[in-house]
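Proteins come first, then strands; the chains are lettered A, B, ... in the order of their sequence lines, and each starts at number 1.
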2 protein chains.
Amino acid sequence: MRFQALMAAMVLAACASTAAPEAGAQAQVRSLGEILEQSPQSDWRTVDPENTIYMDLPAGRVIIELSQTFTPEHTRNIRELVRAGWFNGANIVRSQENYVVQWGRDEDDPGPMGAATATLTPEFWRPRRGLSVTRLPDPDTYAREVGFVDGFPMASNGRDAWMAHCPGMVGAGRGDTAESGSGGELYVVIGHAPRHLDRNIATVGRVLQGMEILSVMQRGTGPLGFYEDEAQRTPIPRVRMASDVPAAERVNLEALRTDSDTFRAVIDSRRFRRESWFLDPVGRVNLCNVPLPVRVRAS
Amino acid sequence: MRFQALMAAMVLAACASTAAPEAGAQAQVRSLGEILEQSPQSDWRTVDPENTIYMDLPAGRVIIELSQTFTPEHTRNIRELVRAGWFNGANIVRSQENYVVQWGRDEDDPGPMGAATATLTPEFWRPRRGLSVTRLPDPDTYAREVGFVDGFPMASNGRDAWMAHCPGMVGAGRGDTAESGSGGELYVVIGHAPRHLDRNIATVGRVLQGMEILSVMQRGTGPLGFYEDEAQRTPIPRVRMASDVPAAERVNLEALRTDSDTFRAVIDSRRFRRESWFLDPVGRVNLCNVPLPVRVRAS
């Protein structure tokens with residue numbers, strides 16, 4: 001099929017490797033799939049079930065990892081909200097084109113909060129000091145330094161560091177004041193990274209599985225993509241912490257360690273596109289274009 | 001609703017303005033909606049029906065503007081293909097998460113080509129010289145210079161200039177060699193800008209209306225998001241040039257001129273987020289985060 005020609009350029013996994021396009025280069029070029037297949041087990045980490053959310057939607061399961069490193073208070077509070085049942089019976093209330101999909105509860109229909117608090121100290125950034133960063137060398141529009149920390153995309157001004165609003169990142173809605181969020185309303189980025197939200201709101205985690213369920217939600221026709229008719233909302237029957245699910249029923253996910261040699265090879269393979277389809281190998285990569293590989297643990 | 005608090009940050013139009021967050025700043029801050037409402041008619045251009053495609057899908061109409069400035073040969077060839085009926089009976093064949101949606105015909109079921117040619121000279125870039133660019137001042141990961149030309153996002157290395165792969169941009173698939181594309185297979189960017197495709201393939205235009213139809217196409221489960229089952233494809237019953245549609249049935253679109261004072265005010269409003277919700281007004285904007293306003297002409 002002619003389609004496959006374009007596709008060869010766009011593969012993110014499992015594509016057969018080809019010789020490098022540079023004149024005279026004959027070195028074996030590994031595809032992303034090959035890089036991952038050849039990785040040692042020690043380059044992968046088990047995603048902590050205490051930081052992992054299963055959100056069951058009519059179309060399937062969405063799995064989210066919360067960050068202990070950047071937003072420990074939000075992670076703790078969201079865990080409490082999940083355990084109290086806050087999100088059971090919540091809805092997808094908004095789907096805005098090239099922006100975010102959002103879910104939560106109406107103010108006049110609050111859920112049980114258990115030990116969670118209604119507002120939280122802002123965690124829009126944390127000190128850069130103390131973080132082990134796998135840096136990217138290319139310029140970024142919004143921050144002096146970008147890279148990866150503990151599985152998440154990071155940006156920094158040298159003093160502060162925060163998780164960047166890349167596609168698939170999950171944030172916690174807030175009101176007009178900094179401390180007005182609880183984690184009881186969440187959104188996920190579905191379009192070109194809205195990095196202007198960085199430092200203005202807390203990104204709390206990342207969708208590890210199920211983005212293809214969230215991103216195709218019919219766009220809302222109200223302002224900001226809110227659904228005008230409540231019937232257009234998608235109900236959320238059940239949300240659980242993975243650690244509360246019987247071990248036999250869990251999806252045991254492993255994430256590639258972002259401080260590993262394998263991940264550095266992934267970055268290199270995305271900066272230099274050596275597949276034969278590429279006429280210009282690029283030599284640059286944006287923070288939000290680096291894949292963060294996840295796999296199901298072989299049992 | 002608590003949701004509206006977060007939303008205030010995310011509005012792309014019609015949001016009430018508020019005082020600037022800077023200490024002592026009392027100047028009136030105009031929302032994007034107000035900037036557009038107050039714009040003179042001369043800051044808008046009529047989109048040329050000879051460069052405008054109507055693609056009618058079961059869920060509604062998608063309207064695409066082709067670029068005469070960057071890809072005149074592709075624009076001419078695609079116009080010929082549309083007029084010959086090449087796309088009538090084509091299908092959406094691919095929907096890849098955070099990447100592209102693609103349509104065309106199978107190799108074993110070609111359509112009529114009329115006066116179109118099967119392959120085209122590459123138009124992956126053109127000379128920078130001769131272009132009037134509304135520049136953005138902030139750094140870009142992929143190019144030395146970025147800005148806007150004749151309604152499209154542009155990147156340049158100083159010598160060459162090309163249309164950047166921002167969300168909503170339409171490109172022409174090709175095979176393994178540079179001259180193997182015809183415009184008979186098209187894709188649209190639905191995720192974080194895959195700028196590594198810049199200079200490797202021809203972007204030919206932009207979706208002006210209907211992105212919300214394309215972006216929610218169920219993701220394909222085959223490699224690269226191709227549909228494994230032909231029944232999952234979306235048929236494309238009819239594609240026409242706007243100029244071939246009776247005037248009374250046209251959607252008369254106007255696009256904000258990217259060399260206008262109004263558009264410069266739009267850029268400024270996106271670089272500095274002065275809405276009260278923003279605690280950090282940002283001061284930067286990425287090429288692909290600047291909206292390119294379109295409206296229906298008041299008749």
*Are B:C166 and A:H192 side-chain neighbours, meaning at least one heavy-atom pair lies under 4.5 Å?*
no
In this structure, OG of A:S215 is separated from CE of B:M217 (nearest 0.5 Å) by 13.0 Å
Pair count under 4.5 Å, heavy atoms only, with chain B: among A:C288, A:G191, A:G168, A:P194, highest is A:C288
key: Within 6.0 Å of CZ in A:R61, more than 12 heavy atoms from elsewhere   = yes
Notebook entry, point to check: Just by modelled atom types, is the B:E212 backbone N or O under 3.5 Å from a matching donor or acceptor in the A:R219 side chain?
Noted result: no
Of all heavy-atom pairs linking B:D176 and A:S276, the shortest is OD2-OG, 4.3 Å
> Does the side chain of A:F278 come within less than 4.5 Å of B:I201's, by heavy atoms?
Replying inline: no
Whatever's closer than 4.5 Å to a heavy atom in chain B on A:V146 counts as neither
Looking only at B:V282, B:D140, B:N286, B:D198, most heavy-atom pairs under 4.5 Å shared with chain A are made by B:N286
Rounded to the nearest 0.5 Å, the CZ atom of A:R271 sits from the NE2 atom of B:H196 at a distance of 14.0 Å
Bottom line for B:N98: the part with an atom under 4.5 Å from chain A's heavy atoms is side chain
Under 4.5 Å to a heavy atom of chain A? For B:I190 that would be backbone
If one checks every heavy atom of B:V189 against chain A at 4.5 Å, the contacting part turns out to be neither
With chain A, the option among B:D138, B:D108, B:T177, B:D280 that has the most non-hydrogen atom pairs under 4.5 Å is B:D280
When you measure from the side chain of B:T141 to the backbone of A:V285, do you find a donor-acceptor pair of N or O atoms at a distance under 3.5 Å?
no
Does B:R144, at its CZ atom, have more than 12 non-hydrogen atoms belonging to other residues, nucleotides or ligands within less than 6.0 Å?
no
With distance as the sole test, does B:R174 use its side chain to make a donor-acceptor pair with the main-chain N or O of A:W277 at under 3.5 Å?
yes
